A.B. asks: 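One structure is given below, represented as structure tokens, and several questions about it will come after.
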Protein chains: 2
Amino acid sequence: MTDLSAAGAGDRARAVSVKDVAAEAGVSVGTVSNVLNRPEKVSTSTREHVLAVIDELGFVRNDAARQLRAGSNHAVGMVVLDVRNPFFTDVARGVEERLAEHRRPLILGNSGQDADREQMLLDLFEEQRVSGLLVSPVGGVLPRLRRLRDRGTAVVAVDRRLDSSEFSSVAVDDRLGGRIAVQHLLDQGRRRIAFVGGPRGLTQVEHRYEGAAAAVADTDGATLRLVVTGIMDAAAGRHGAEDLLADDGDRPDAIFAANDLVALGVLQALTLAGVSVPDEIAIIGYDDIDFAASAAIPLSSVRQPREQLGAVAADLLMATIEDPTRAAEDVVLEPSLVVRRSTQP
Amino acid sequence: MTDLSAAGAGDRARAVSVKDVAAEAGVSVGTVSNVLNRPEKVSTSTREHVLAVIDELGFVRNDAARQLRAGSNHAVGMVVLDVRNPFFTDVARGVEERLAEHRRPLILGNSGQDADREQMLLDLFEEQRVSGLLVSPVGGVLPRLRRLRDRGTAVVAVDRRLDSSEFSSVAVDDRLGGRIAVQHLLDQGRRRIAFVGGPRGLTQVEHRYEGAAAAVADTDGATLRLVVTGIMDAAAGRHGAEDLLADDGDRPDAIFAANDLVALGVLQALTLAGVSVPDEIAIIGYDDIDFAASAAIPLSSVRQPREQLGAVAADLLMATIEDPTRAAEDVVLEPSLVVRRSTQP
DNA sequence: CTGAAAGCGCTTACAG
DNA sequence: CTGAAAGCGCTTACAG
């Protein structure tokens, strides 16, 4: 139609810019920008004409340029502990859905519970000047988060609170969750409890352990044994269970796995070793991921309201983006017990 | 140390820019940029001094500005069919790991098998001028992908090939996979096969069905029945199985579920209805996600080499980014049969 | 309602 | 080896 299109397919044409649109439409670039950003400022006829040209030329706004002027990216970054764990992807989906209502894209990064990868992702998000950041911190990132905040990025901690009252957080009460899980095992008459989870230093896990210990302390004759794992996946559960079985002087009669992936691994190892679940050893997991219900022996678990966790996190983040001076707030959600066959014949 | 730092914590300070670094270090902004991008062009002493200042001031490069000059983002975008399906997150992890070797971040978007959301994500990635894009297309996005390519974005299709030889792709042979699955059921003596999957139009699923139909056509007395679902999750499987059971005139003796999530749902519904698996009805799934092995009845499945799928996709993408004129290439990987208890007593 | 101009924070030839 | 200057593609007051 115009000479511009002669550059056409084949050779990697320079992208169409506002300038091209303006030239073709016979208006100034400012007007093109206004059509895009404040359409009410432009007369109907100009607007429609410009829109038609945009469509004809296949113009797509360059977000980098826009951001550079606007000062910040409208995307939100999220650092997730483990993308392969359905619990986290469910939380992320809760976030994503809420953010979609504000037309803000979510950029997901996976720390894999590794402090170095977490750093790299924070670098990336800082370079990108994301407007908001959701983290489940692994390493000591407080100074880092402060710098991000000072630079104008809203920060909200997900799934644990920070050791500081400067940032909002949403978390589930893990001490209560740990207590609920073990209290249930004790109520079933179990006394020799083993806790399988890790790694050491991961707050969520430590709290679950503390809750477990509190429940055990309240019960005569009950004992709690700790098996520390690395990243909590099924393999960690298998190894943990094998360790417990190898040492057969004092076999537990119940295992509390710090998440469902570990519980599933424990279940596999016990089944393979011919140990009957729950008769000889009961198992309870944590998170209540969808797969818990369809496990070989349906798994009892402590349910975390994961979609709600995501939604509340997104809400807090949006509120902080809109008002950076907003007071920090720690939201604590409650876990609940889900009983299935792995703890109850 | 300098007056700049007086702006300090508390008020949202303007971000430290190259200009600030240059001023503090007593060099020009060009030199600061060179320290960052071509350190070999700068003398050791200047470099070290500038680096020290960068550290002291907490300078972090603004990626938007950098991108604007460079013309494209070094990040890679990926549109995934369903983040809640472990198959896709495993593929994504394969991609992520390979990309990490090139220090390129992966931005994940979730289409949820919805053509509109797919469009939105492509808009986003186009605005961001990502250097590469990995898609498992849902809608008719060919013109869109062409435009992205003409704009300089490398595009590779994942998990299916495009109806065009212009773009590279990596996929697993789904016809073969469908055939393998159903041939296995036939070999076990099953004859009344039901296929549960969907939605209609999703290439992967159609191919699996075609493979299934081919196997059935080769066998005397075998029949194949189709139950179409929407998004393939456990709920879809439950509903599909309920439909099959309701119509008890002609109950199948085997079900081929087009993915493991659906298979797990089918298994739940059958168990709930008191149907014995595999005696009365055998079940085989597709993907061989980790959870297949730990299901209530361990699930037979067709294994797709998912990490390899991700790695090959990342390699093709990197090659295309480095050489945009590179000829398109369709890589086809082979699926394999994994037999467990759900098809074999 | 529309246009001309400045400027966001970088990188990149080009001189020196 | 270093500096001065142009320019990437937008948005945003400011005039008119």
Side-chain angles (χ1 to χ4, degrees), chain A residues 4 12-51 53-54 57-74 123 126-131 151-152, chain B residues 4 12-51 53-54 57-74 123 126-131 151-152:
Chain A
L4 277 173
R12 273 171 74 196
R14 210 186 94 269
V16 178
S17 75
V18 272
K19 215 185 290 180
D20 302 319
V21 174
E24 173 69 9
V27 298
S28 75
V29 295
T31 299
V32 175
S33 178
N34 281 334
V35 168
L36 258 20
N37 300 301
R38 320 133 120 193
E40 73 284 359
K41 300 252 168 208
V42 182
S43 74
T44 315
S45 63
T46 323
R47 192 194 321 143
E48 280 170 0
H49 180 221
V50 170
L51 252 15
V53 171
I54 284 177
L57 261 36
F59 167 73
V60 174
R61 196 209 270 102
N62 181 328
D63 200 52
R66 179 196 209 179
Q67 249 173 251
L68 181 55
R69 274 264 34 179
S72 104
N73 194 328
H74 67 300
D123 284 344
E126 192 165 359
E127 288 181 1
Q128 301 208 144
R129 305 288 194 264
V130 292
S131 49
R151 186 163 265 147
Chain B
L4 277 174
R12 273 170 76 197
R14 210 184 94 272
V16 178
S17 75
V18 274
K19 215 186 290 181
D20 302 319
V21 174
E24 172 70 9
V27 299
S28 74
V29 295
T31 298
V32 175
S33 177
N34 281 335
V35 168
L36 256 22
N37 300 301
R38 319 133 120 195
E40 71 285 358
K41 301 252 166 206
V42 182
S43 73
T44 315
S45 63
T46 321
R47 193 192 323 142
E48 279 169 1
H49 178 221
V50 170
L51 251 15
V53 171
I54 283 176
L57 261 37
F59 166 73
V60 174
R61 200 210 267 102
N62 181 329
D63 199 51
R66 179 197 209 178
Q67 249 173 249
L68 182 55
R69 274 264 34 178
S72 102
N73 194 327
H74 67 300
D123 284 346
E126 193 165 358
E127 288 182 0
Q128 301 209 144
R129 305 290 193 264
V130 292
S131 49
R151 186 163 266 147

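A note on names: the letters A, B, ... follow the listed sequences, proteins ahead of strands, and every chain is numbered from 1. Note that the coordinates shown come from a computational prediction; the quantities given were computed from them, not determined experimentally.
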A.B. asks: For C:dT11 and B:R66 - does any side-chain N or O of the residue sit under 4.0 Å from the phosphate oxygens OP1/OP2?
C.D. replies: yes

A.B. asks: To the nearest Å, give me how far apart CD (B:E126) and C1' (D:dG9) are.
C.D. replies: 15 Å

A.B. asks: Distance check needed: C:dC8 P versus B:D63 CG, whole Å only.
C.D. replies: 19 Å

A.B. asks: Taking 4.0 Å as the cut-off, does a side-chain nitrogen or oxygen of B:R69 come that near to OP1 or OP2 on D:dG9?
C.D. replies: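 No, no such contact exists.
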
A.B. asks: Counting side-chain heavy atoms from C-beta on, which of C:dA5, D:dA4, C:dC10 comes nearest to B:V18?
C.D. replies: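 Closest of the options to the side chain of B:V18: C:dC10.
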
A.B. asks: Is the phosphate of C:dG9, meaning OP1 or OP2, less than 4.0 Å from a side-chain N or O of B:S17?
C.D. replies: no

A.B. asks: Among residues 42-51 of chain A, which contact DNA chain C at a heavy-atom distance under 4.0 Å?
C.D. replies: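 A:V42, A:S43, A:T46 - these, ordered by number, are the residues of the stretch whose heavy atoms sit under 4.0 Å from the strand.
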
A.B. asks: Which residues within residues 30-39 of chain A lie with some heavy atom under 4.0 Å of an atom in DNA chain C?
C.D. replies: A:T31

A.B. asks: Rounded to whole Å, how long is the line connecting atom NZ of A:K41 with atom P of D:dT11?
C.D. replies: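 Distance, rounded to whole Å: 15 Å.
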
A.B. asks: Starting at atom CZ of B:R129, determine the distance to atom C1' of D:dC10, rounded to an integer number of angstrom.
C.D. replies: 11 Å

A.B. asks: What is the separation between atom CD on A:E127 and atom P on C:dC8, rounded to the nearest whole Å?
C.D. replies: 20 Å

A.B. asks: When the distance from NZ of A:K19 to C1' of C:dA4 is rounded to whole Å, what number comes out?
C.D. replies: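 Result: 13 Å.
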
A.B. asks: Tell me which nucleotide, if any, is Watson-Crick or G-U wobble paired with C:dA15 when both distances must be under 3.5 Å.
C.D. replies: D:dT2

A.B. asks: Can you sort out the partners of A:T46 under side chain to side chain contact (heavy atoms under 4.5 Å, CB included), two or more places apart, ordered by chain and number?
C.D. replies: A:V27, A:T31, A:V42, A:S43, A:V50

A.B. asks: Taking B:R129 for the side chain and B:E126 for the main chain, is one N or O donor matched with an acceptor at less than 3.5 Å?
C.D. replies: yes

A.B. asks: Which whole-number value in Å describes the distance from B:H74 NE2 to C:dT11 P?
C.D. replies: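 Distance, rounded to whole Å: 12 Å.
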
A.B. asks: Can you check side-chain contact (heavy atoms from CB on, under 4.5 Å) on B:Q67 and A:D63, steps first, answer last?
C.D. replies: CA-CA 10 Å; B:Q67 249 173 249; A:D63 200 52; over 6 Å; no

A.B. asks: Can you check the A:Q67 CD to D:dC8 C1' distance for me, whole Å?
C.D. replies: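 So the CD-C1' distance, A:Q67 to D:dC8, works out to 14 Å.
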
A.B. asks: Map B:V27 and A:L68 onto DNA chain D by nearest heavy atom, then report which one ends up closer to the 5' terminus.
C.D. replies: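 Result of the comparison: B:V27.
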
